[in-house]
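Both ligands and their constituent atoms are indexed starting at 1 by order of listing.
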Amino acid sequence: MKAVQIKKDIYWVGGIDWTLRNFHGYLTQRGSTYNAYLIIDEKVTLVDTVKARLTNEMIERISSIIDPSRIDYIISNHVEMDHSGAIPAILEIAPNATLITSPKGESGLREHYGKEWDFRPVESGTHLNIGKRNLHFVLTPMVHWPDNMVVYLPEEKILFSNDAFGQHLASSERFDDEYPLDIIMQEARKYYANIVLPYSKQVQKILVSLQDLQIEMIANSHGIIWKEHVPEIMEAYRTWAGNETSQRALVIYDTMWHSTEMMAHSIQDAFESQGFKTSLLSLQHNHISDIMTEVIDASWICVGSPTLNGRMLPTMASFLTYLTGLSPRNRKSIVFGSYGWGPKQIQEMAKMLEDGGFEVAGTEKIKYVPFPEDLQSLESRVVDLIRAHS
Ligand code: FEO
């Protein structure tokens, strides 16, 4: 396990999680990495660590450069255990190291590990000289925990951004000019949609505070490091944080006897007739975290479920809980479904969406099985709804 030099005397010493497939409900088909960085200067500085399970991998990489007991500073940009999990082990090896973190980082680390380490809390604007280089700290609360911060190294024009600008992507390649850019961008989009989206207002503020920095490299804490495509990922974050959508409609549904599925097809046809790009997404065949990746630029989110025991199907309840928790804004919706004798699921779904900030433009229900004329008239009503809300 060798370290990878990212700039002179600055090394990637993280861990690669090749087998990770589920990150608290987020399907991580490509695995992930936990990126930690070692800066060799008068003060040897480690920026973030890795998940506890990969501690030895990180220590081996550090040891390929220096004796880890020589570490003077450990920067903890984020308390979450995928980045702080190896701090206890490193502090066993380097017991005199100072742990630099935000004030909320200090309390969070105490609450996670219960240790009296040598904490040095920093604020936005704090500078720390480590020899030839200086660390500038910028607190980034709620992107995506209260404790988050980033570190800027002006002499190298590197931003150590922690979770921001990351992707869940395991690879032996480290840089964005070594790996297919479309896959990196797709994984960055999925990461934003499933983790960062609820904090888009805070992201907008942080993008403003970063705009005066000259950033040549974004050394994030998950996936590929941005080097050749920094402007592209910054621009993508501006778009996603602004909840900017396109003429795109998602029709997301589950079905029991294909009646709700037939309705979904008619609703899709209505959007296509009005010039929309569409995706038809069955909850039996698509993971909710992959659907969220498509939500990011869709202006209409239509959801359909038949009635089961007077409620929506559990798959739809799960999706709506996830969707509304991630708080996309400026989206319109149509709620639809078939029913037998009591279409209570329609009201239940509409309420969840309205409580989550969606504009429910219309509701559509059909008893038992739709006949061709029912589907034609459904399509025509949905066309009217689209026109009325354009
Ligand atoms: Fe990658 Fe919020 O931890």
Side-chain angles (χ1 to χ4, degrees), residues 12-37 46-55 57-58 74-90 99-113 137-151 159-171 174 184 186-203 205-206 218-226 233 237 240-241 289 292-293 322 325-327:
W12 173 87
V13 291
I16 306 177
D17 203 344
W18 293 99
T19 57
L20 182 80
R21 290 296 177 269
N22 187 316
F23 195 90
H24 37 68
Y26 171 160
L27 202 63
T28 49
Q29 295 98 326
R30 290 192 168 94
S32 194
T33 69
Y34 314 105
N35 298 338
Y37 299 94
L46 178 66
V47 181
D48 287 316
T49 72
V50 298
K51 200 183 249 189
R53 187 167 62 74
L54 297 179
T55 299
E57 188 173 324
M58 182 186 77
I74 300 167
I75 313 291
S76 175
N77 281 320
H78 182 24
V79 172
E80 196 166 7
M81 287 181 280
D82 49 337
H83 308 295
S84 69
I87 289 177
I90 285 288
L99 186 48
I100 296 168
T101 186
S102 66
K104 288 217 160 55
E106 178 179 349
S107 54
L109 288 169
R110 285 181 190 279
E111 285 154 1
H112 275 71
Y113 298 102
F137 300 95
V138 180
L139 271 51
T140 55
M142 297 318 296
V143 182
H144 65 126
W145 277 22
D147 52 86
N148 275 94
M149 67 178 193
V150 298
V151 179
L159 181 73
F160 295 99
S161 66
N162 196 264
D163 278 337
F165 310 111
Q167 330 94 40
H168 282 314
L169 175 51
S171 64
R174 300 272 64 83
I184 308 172
Q186 176 68 5
E187 291 298 338
R189 169 192 287 253
K190 182 171 183 180
Y191 191 91
Y192 191 95
N194 284 277
I195 293 190
V196 188
L197 183 60
Y199 312 106
S200 289
K201 277 203 184 319
Q202 290 89 336
V203 171
K205 279 191 206 151
I206 287 153
I218 299 177
N220 50 34
S221 288
H222 292 293
I224 298 281
I225 295 167
W226 299 97
I233 187 63
Y237 260 58
W240 300 333
S289 61
M292 277 313 300
T293 316
Y322 194 62
L326 288 165
S327 306

When you check the space around atom 2 (Fe) of ligand 1, which protein N, O or S atoms turn up under 2.8 Å?
His78 NE2, Glu80 OE1, His144 NE2, Asp163 OD2
Taking everything shown except Met81 itself, do over 12 heavy atoms lie less than 6.0 Å from its CE?
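It does not: Met81 CE has 12 such atoms or fewer within range.
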Which single N/O/S atom of His222 lies at minimum distance from atom 1 (Fe) of ligand 1?
NE2
Please assess Asn35 against His222 for the test side-chain hydrogen bond (donor to acceptor under 3.5 Å, both in side chains), listing each intermediate value before the final yes or no.
CA-CA 6 Å; Asn35 298 338; His222 292 293; over 6 Å; no
Parallel, tilted or perpendicular: rings of Phe23 and Tyr26 (30°, 60°):
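Ring orientation of Tyr26 relative to Phe23: perpendicular.
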Closest heavy-atom contact between Thr55 and Gly85?
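Scanning both residues completely, I find the closest heavy atoms to be OG1-O, 4.4 Å.
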For a quick check under 3.5 Å, do Ser84 and Tyr113 share a side-chain donor-acceptor pair by atom type?
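Side-chain D/A pair, Ser84 to Tyr113: present.
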Side chains of Asn77 and His83, donor plus acceptor under 3.5 Å:
no
